[in-house]
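Please read the structure below before turning to the comments.
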Amino acid sequence: MTDIQSLVRPNILALKPYSCARDEFKGEAKAFLDANENPFNGPYNRYPDPRQWALKEKIARIKHVPAERMMLGNGSDEPIDLVYRIFCEPGVDNAVGIAPSYGMYEVDADINHVEYRQVPLDEAFQLHADALLAATDAHTKVIWICSPNNPSGNLMNRAEVTRVLEGFAGIVVIDEAYIDFADTPSWTEQLDRHPNLIVLQTFSKAWGLASVRCGMAFASEEIIGLFNKVKYPYNINLLTQNFVSGQLDHADRKEAWVKTLLSERTRLQQELQALPCVVKTHPTDANFILTQVKDANATYRYLVDCGIVTRNRNSVLLCAGCLRITVGTPEENSLLLEALKAMA
Ligand SMILES: *Cc1c(COP(=O)(O)O)cnc(C)c1O
C-alpha cells in the first residue's frame, strides 16, 4: 500500500490552506456581508463555489466517479502543474515519463525545477513496465502515462500499466484526454484498487470545449484533498462552471460528434494509406492519426500552402517522417485528401 502522506513535500503537508469566506459559511442567508463583494450585479458579484459542487455532481453522474474524488482545473494543465507542486521537491525529486508523449509533463517539470526522465516506447509505441520502473529511484515521485498517447494515438497495454501501478510506490498519473475516442473502459474504474492513481480527463477534445479551459483529475479523496489545499481558491470561474454544466445536458451531441469523428477516422486511415506520398498510418485510439510520409517537412509545407495545417512531428523521438493529423469535419478531411492526391 502506498502511503500518500510520505510522498508529499513537507511544506505542503504542513501548509495551512487559505480559508475563504465561502468555506467558513455555507448555506442560505438574508444578507451576505462576509466577503467584501458588491451587493449589486448578481450573480457575478459573488465569489464562485471554490469546490464547484454543483458542476461536480453533474460530472459524477456522467463519469460514475463521486464528486469527492474529483478536482476541476483550468484545463488539464492545472492538475499537471499541481502534481509537481504537491509531490516533487525542486532540485531533489524527479519524475518519469514515456517518450514520445505530451509536452506539458516535461515543461511543468522544468518550471518546477524537477528532473524529468524519459523512457522510450518500443517501435509499436508500447510501454514496458520494467523499463519505466528501472528508470525510477528513491527520489522518483511521479510516473506519467498518457493513454491513448499523444502523439502516437494508441492505448497503452493495460497489463503493463497495471504492473507500473503495482510496482511503483509513488504517484502514477494516467492522462486520458482522448478516452472518449477509445473503445476501452476508463482507468477511473480502478481508483479503488490503486490509491496511488490519478486519472486526468478534459473537456477540450471530445466535448468540443478547448477554449473554455476545464479539465478533471480523478483520485482518492486523500489526493483530491491535497489538490484542494494547493489550488487557487476560485480556480474555476462562475461563467465556466455554468457553461460546462449546460453543455453536460447535451451529452447526446458529444456522442454524435464522436461517432462522426470515428467513422471519419476510419475513412481517413484507409484513404491515407492508399496515397503514394504516405508510407504508413499508425494505429490510433484517438481523434488524430500519426501518419508517416515520404518527406515530412516538404509535405507539411505543401499542406500549409494549401491552407491546411497539420502538426509536423518529424523531429520527435520515434516519429521521424511523421505528421500528426487531427480528424476534422468530413469536408476538411476531404480537402486534406484531395490536396495530398494532387501533390506532385
Ligand atoms: C489536448 C491534451 C490535453 C488537454 O489539455 P487541456 O489543458 O485540458 O486543454 C491533456 N493531455 C493531453 C495528452 C492532450 O493531448
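Both ligands and their constituent atoms are indexed starting at 1 by order of listing.
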For this output row, return yes or no: ring centroids of Tyr84 and Trp144 closer than 6.0 angstrom. yes
Are Phe181 and Phe288 close enough that their ring centres sit under 6.0 Å apart?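 That pair fails the under 6.0 Å test.
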Do [X] and [Y] have a side chain donor and acceptor closer than 3.5 Å?
{"X": "Asn45", "Y": "Glu37", "result": "no"}
{"X": "His282", "Y": "Asn154", "result": "no"}
{"X": "Arg193", "Y": "Gln190", "result": "yes"}

Do Pro151 and Tyr102 come within less than 4.5 Å of each other through their side chains, counting heavy atoms only? no
Could you tell me whether the side chain of Gln126 and the main chain of Asn157 form a donor-acceptor pair under 3.5 Å?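 A pair under 3.5 Å: yes.
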Are any of the heavy atoms in [X] under 4.0 Å away from ligand 1?
{"X": "Phe203", "result": "no"}
{"X": "Ala177", "result": "yes"}
{"X": "Met104", "result": "no"}

Could you tell me whether Ser204 and ligand 1 have an N or O pair separated by under 3.5 Å?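 It does: an N or O of Ser204 is found under 3.5 Å from an N or O of ligand 1.
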Tyr105-ligand 1 polar pair, N/O distance under 3.5 Å: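 So ligand 1 has no N or O lying under 3.5 Å from an N or O of Tyr105.
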Under 4.0 Å from a heavy atom of [X]: which atoms of ligand 1 are those, numbered in the order shown and with their elements?
{"X": "Lys205", "answer": "1 (C), 2 (C), 3 (C), 4 (C), 14 (C), 15 (O)"}
{"X": "Gly75", "answer": "6 (P), 7 (O), 8 (O)"}
{"X": "Cys146", "answer": "13 (C)"}
{"X": "Asp175", "answer": "10 (C), 11 (N), 12 (C), 13 (C)"}
{"X": "Asp77", "answer": "7 (O)"}

Looking only at protein heavy atoms, which one is nearest to atom 15 (O) of ligand 1, and how far off is it? Tyr178 OH, 2.6 Å
Report the nearest protein non-hydrogen atom to atom 7 (O) of ligand 1: residue, atom name, distance rounded to 0.1 Å. Arg213 NH2, 2.6 Å
Note: Asp130-Arg163 ion pair, threshold 4.0 Å (strictly below):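 Salt bridge flag = yes for Arg163 with Asp130.
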Judged by heavy atoms only, the candidate from Ser76, Pro148, Ser101 nearest atom 6 (P) of ligand 1 is Ser76
Looking at Met156 and Ile145, what are the two nearest heavy atoms and their distance?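 Heavy atoms of Met156 and Ile145 come nearest at CG-CG2, 3.9 Å.
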